[in-house]
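Worksheet for the structure shown next.
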Amino acid sequence: MAWMLLVLAGLLEVGWAIGLKYTEGFTRPLPTALTLISMVASMGLLGLATKTLPIGTAYGVWVGIGAVGAAILGIVLFGESANAARLGFMALMVVAIIGLKVTSGH
């Protein structure tokens, strides 16, 4: 259950990271509200997951999901660079996330 909460927290982190772009410096009320809600929900779920998962593992996975997800959506939504090196480093982050899961003992 903690892993499901952690993955959901990571996906919400992707949502608020991308949401930051749409807030336009927190000047747009609806995107700002949705971004703040996503932030609170993401942190709350991360906190719940850390009740049973090691903090280093949970935080690393949460950040990794957020970073990879935001990078992918940046490419898709905003036309950001998708060069081979960037994609390769994103793949390494996915490997690291999987490694943290496999070695966590939970």
Side-chain angles (χ1 to χ4, degrees):
M1 183 66 171
W3 281 101
M4 290 174 32
L5 295 174
L6 184 57
V7 169
L8 184 54
L11 294 174
L12 285 167
E13 185 192 4
V14 173
W16 69 255
I18 295 299
L20 287 172
K21 185 85 166 168
Y22 290 104
T23 68
E24 295 180 10
F26 299 104
T27 61
R28 298 180 61 213
L30 183 58
T32 296
L34 293 173
T35 298
L36 292 173
I37 290 166
S38 293
M39 285 178 175
V40 170
S42 179
M43 296 272 183
L45 291 171
L46 174 62
L48 290 173
T50 61
K51 284 183 170 183
T52 57
L53 296 175
I55 188 66
T57 298
Y59 186 73
V61 169
W62 180 72
V63 169
I65 291 170
V68 171
I72 290 169
L73 287 180
I75 291 166
V76 172
L77 297 174
F78 308 122
E80 295 176 0
S81 172
N83 63 54
R86 188 170 191 213
L87 295 175
F89 286 116
M90 288 168 45
L92 287 174
M93 283 197 284
V94 170
V95 169
I97 292 166
I98 293 168
L100 286 170
K101 164 64 173 119
V102 169
T103 61
S104 75
H106 287 91

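Along the sequence shown, residues are numbered consecutively beginning with 1. Note that the structure is predicted; figures quoted are calculated from it, not measured.
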Side-chain donor-acceptor pairs under 3.5 Å in residues 69-82, sequence neighbours left out?
from: Glu80; atom 1: OE1; to: Arg86; atom 2: NH2; distance (Å): 3.4
from: Ser81; atom 1: OG; to: Asn83; atom 2: N; distance (Å): 3.4
from: Ser81; atom 1: OG; to: Asn83; atom 2: ND2; distance (Å): 2.9

Could you list the donor-acceptor pairs under 3.5 angstrom formed by side chains in residues 51-66, with sequence neighbours left out?
from: Trp62; atom 1: NE1; to: Ala9; atom 2: O; distance (Å): 3.4
from: Trp62; atom 1: NE1; to: Ser42; atom 2: OG; distance (Å): 2.9

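Hydrophobic cluster membership differs between Leu8 and Val68, with clusters built from Ile, Leu, Val, Met, Phe, Trp and Tyr side chains linked at under 4.5 angstrom. Cluster annotation: Phe89 and Val94 are assigned to distinct hydrophobic clusters (Ile/Leu/Val/Met/Phe/Trp/Tyr, side-chain heavy-atom contacts under 4.5 Å, transitive). One hydrophobic cluster holds both Leu12 and Leu48 under the rule that ILVMFWY side chains link at heavy-atom gaps under 4.5 Å. In this structure, Ile98 is a member of the same hydrophobic cluster as Met93, with clusters built from ILVMFWY side-chain heavy atoms closer than 4.5 Å.
For the pair Leu20/Met39, a side-chain contact is recorded, criterion being any heavy-atom separation below 4.5 Å from C-beta on.
The structure places CH2 of Trp16 at 15.0 Å from CD1 of Ile37, a figure rounded to the nearest 0.5 Å. In this structure, Tyr22 OH and Arg28 CZ are separated by 9.0 Å, a value rounded to the nearest 0.5 Å. Thr35 contributes atom OG1, which lies 13.0 Å from atom NZ of Lys21 (distance to the nearest 0.5 angstrom).
Through direct or indirect side-chain contacts shorter than 4.5 Å among Ile, Leu, Val, Met, Phe, Trp and Tyr, Leu34 is connected to Leu30.
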Where do Leu46 and Leu6 land on the side-chain contact (heavy atoms from CB on, under 4.5 Å) test, with the steps shown first?
CA-CA 6 Å; Leu46 174 62; Leu6 184 57; 3.7 Å; yes
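Contact between Thr32 and Phe26 at its shortest, heavy atoms only, is OG1-CA, 3.3 Å.
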